[in-house]
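Just so you know, ligand 1 is whichever comes first in the structure, and atom 1 is the first atom listed for that ligand. Note that the coordinates shown come from a computational prediction; the quantities given were computed from them, not determined experimentally. Index from 1, following the sequence. As a basis for the values below, the full set of heavy atoms in this structure was taken, side chains included, without hydrogen atoms, waters or symmetry mates.
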Amino acid sequence: MRPWREWGIDSYLKYKTDIFFSTRVKIIFFHTLSVIVIVLVTIGLLEYVQRAILSGVVESLKNIAAGTTSTTGIGIFEKVDEEIRLTQFLVYVSVMIVSVLVGFIATRLALNPVRDSLIVQRRFIASVAHELRTPLAILKTQNEVAKLDADMTSFVGETLGQNVEEIDHITEILNNLLLFNRVDTLESIVFDTVNLETIIETVIARLKTLAEKKGIVITFERTVIPHVYGNATGLEQMLFNLIKNGVNYTPRGGEVIIRCTSITEREVTLRVSDNGIGIAESELPHIFEPFYRTDSVQEISSGTGLGLALVFEIVKLHSGKMRVESTMGVGTQFDVSIPRKPQDMIANQRSHEVGVGYDFSQQKNL
Ligand code: ADP
C-alpha cells in the first residue's frame with residue numbers, strides 16, 4: 001500500500017500545478033463548508049426557537065395556574081404553532097440565501113480556469129502571429145529585391161515569384177488568425193450606427209485591382225439602404241471576405257453583384273451573389289468551418305479557409321442572420337441580415353426563424 005505521506009505530497013503538487021484539480025478541490029471544499037453553515041444555522045435557529053417556545057409555554061402555564069391571564073391551553077398551542085411556522089420560514093430563507101451565494105461563488109470558481117486559459121490562448125495566438133509577420137515581411141522584400149537581378153535564370157526568377165506568393169499566403173493566414181482572435185472579445189468592440197452604402201463602396205475600391213486582374217466586374221446595385229447597428233470594421237471585413245470570395249471563385253468575365261434585397265422594421269438584408277463555380281450541396285454545411293476549403297477550389301486559388309469562419313463570427317456577433325444558396329456551375333449567393341437598432345439585436349436573439357441556411361440569432365445551423 002502506498003504510504004499516506006507520499007499520497008499527500010502527490011496531491012499537494014497536483015493541487016499546485018493542475019488548475020482543474022485545484023478548482024475541483026476548492027468547489028468540493030466550498031460546497032462542504034456551505035452544507036456545514038446551513039446545518040449550523042438550522043441547528044442554531046431550532047435551538048433558539050425551542051428555548052423561546054419552552055420558556056413561553058412555562059411562563060403561560062404559570063400564569064394560567066396563578067389565574068393572572070385569560071389565555072387557555074389551546075391558546076398556548078396556537079402560539080407555539082405560529083412560532084414553529086416562523087422558524088420554518090426563517091430556515092427556508094437562510095438555506096435559499098446560502099445556496100444562491102454558494103452557487104454564485106462555485107460558478108465563478110469553476111469558470112475562472114476556463115476564462116484564464118482562453119485569455120492565455122488568445123494572447124499566445126496574437127503574439128505568435130505578430131512575431132511571424134515581421135520576418136515574413138523581410139523575407140518578402142528580400143525575394144522581391146532578388147527578383148530585380150537581370151542576370152538571373154528564368155527558373156530562379158520563377159522560384160522567387162513562387163516564394164513571394166507563398167509568403168503572401170502565410171501572411172494572409174496570420175492576418176485572418178489575428179482578426180479571428182479579436183472578434184469575440186466583446187468588450188473591445190464598439191457598436192454604433194453604420195452606413196452600409198459607404199462600407200460597400202470602400203470594399204469595392206479595396207478589391208478593384210484584384211477584380212481587374214481576374215477579369216471580374218463588381219457591381220453595386222445602388223438603392224437607399226438605412227443605417228444598421230453594428231461594428232463598422234467588422235461589417236467591412238465581412239463584406240470584404242464575401243465579395244473577395246465571389247471574385248476568387250468566379251471565372252474570368254463573370255460578375256459579383258451586391259444589392260440590398262430587403263428592408264424591414266428590424267433588419268437590413270444584403271445579398272452578395274456571383275455567377276461562379278458554385279458550391280456542392282454536401283459541402284455547404286462545412287464552408288463556415290475554419291480551414292475548410294471545397295475540393296473544387298484547391299487548384300483555382302490559394303485561400304486560407306478562414307474567410308467565411310470570420311464572416312460567421314461577425315454575423316453572430318451582430319445577432320444577424322445568414323443564408324447561403326449555391327448551384328454548381330451557376331453561382332452562389334450569400335444573404336446577410338443585420339439588425340437596425342440595439343433593441344432589434346436583442347429581439348433577434350430571442351426570436352426563432354426557420355429557414356434554409358444559417359440563423360445566427362439562434363446560433364445554430366438550421
Ligand atoms: P478561402 O480562403 O478558401 O476563400 P473561405 O473561408 O472564405 O476560405 O471559404 C471557404 C470555402 O468556401 C472556399 O475555399 C470555397 O471552397 C468555398 N467558397 C466560399 N465562397 C465561395 C463562392 N462565392 N463560390 C464558390 N465557393 C466558395
- For Arg271, does its backbone N or O pair with a side-chain atom of Gln333 as donor and acceptor, under 3.5 Å? no
- Message: Please check: side-chain N/O of Asn275 versus main-chain N/O of Gly331, any donor-acceptor pairing under 3.5 Å?
- Response: no
- The complete set of side chain to side chain donor-acceptor pair (under 3.5 Å) pairs with one or both residues in residues 24-40, sequence neighbours excluded, reads none
- Message: I need the full list of salt bridge (charged side-chain N to carboxylate O under 4.0 Å, His left out) pairs touching residues 244-263, with sequence neighbours left out, sorted by first then second residue.
- Response: Glu172-Lys244, Glu221-Arg259
Just list the N/O pairs, ligand 1 to protein, that are under 3.5 Å apart, with the distance for each.
{"unit_1": "ligand 1", "atom_1": "2 (O)", "unit_2": "Thr304", "atom_2": "N", "d": "2.7"}
{"unit_1": "ligand 1", "atom_1": "2 (O)", "unit_2": "Gly305", "atom_2": "N", "d": "3.0"}
{"unit_1": "ligand 1", "atom_1": "3 (O)", "unit_2": "Tyr249", "atom_2": "OH", "d": "3.1"}
{"unit_1": "ligand 1", "atom_1": "3 (O)", "unit_2": "Arg293", "atom_2": "NE", "d": "2.5"}
{"unit_1": "ligand 1", "atom_1": "3 (O)", "unit_2": "Arg293", "atom_2": "NH2", "d": "3.3"}
{"unit_1": "ligand 1", "atom_1": "3 (O)", "unit_2": "Gly305", "atom_2": "N", "d": "3.4"}
{"unit_1": "ligand 1", "atom_1": "4 (O)", "unit_2": "Asn245", "atom_2": "OD1", "d": "3.1"}
{"unit_1": "ligand 1", "atom_1": "4 (O)", "unit_2": "Tyr249", "atom_2": "OH", "d": "2.6"}
{"unit_1": "ligand 1", "atom_1": "6 (O)", "unit_2": "Gly307", "atom_2": "N", "d": "3.2"}
{"unit_1": "ligand 1", "atom_1": "6 (O)", "unit_2": "Leu308", "atom_2": "N", "d": "2.7"}
{"unit_1": "ligand 1", "atom_1": "7 (O)", "unit_2": "Asn245", "atom_2": "OD1", "d": "3.2"}
{"unit_1": "ligand 1", "atom_1": "7 (O)", "unit_2": "Asn245", "atom_2": "ND2", "d": "2.8"}
{"unit_1": "ligand 1", "atom_1": "7 (O)", "unit_2": "Leu308", "atom_2": "N", "d": "3.3"}
{"unit_1": "ligand 1", "atom_1": "8 (O)", "unit_2": "Gly305", "atom_2": "N", "d": "3.2"}
{"unit_1": "ligand 1", "atom_1": "14 (O)", "unit_2": "Arg293", "atom_2": "NE", "d": "3.4"}
{"unit_1": "ligand 1", "atom_1": "16 (O)", "unit_2": "Thr294", "atom_2": "N", "d": "3.0"}
{"unit_1": "ligand 1", "atom_1": "16 (O)", "unit_2": "Thr294", "atom_2": "OG1", "d": "2.5"}
{"unit_1": "ligand 1", "atom_1": "20 (N)", "unit_2": "Asn245", "atom_2": "ND2", "d": "3.4"}
{"unit_1": "ligand 1", "atom_1": "23 (N)", "unit_2": "Asp274", "atom_2": "OD2", "d": "2.9"}

- Considering only heavy atoms from C-beta outward, does the side chain of Asn143 approach that of Ile167 to under 4.5 Å? yes
- Listed once per pair and sorted, the ring-ring contact (aromatic ring centres under 6.0 Å, His included) pairs that draw on residues 86-128, sequence neighbours left out: none
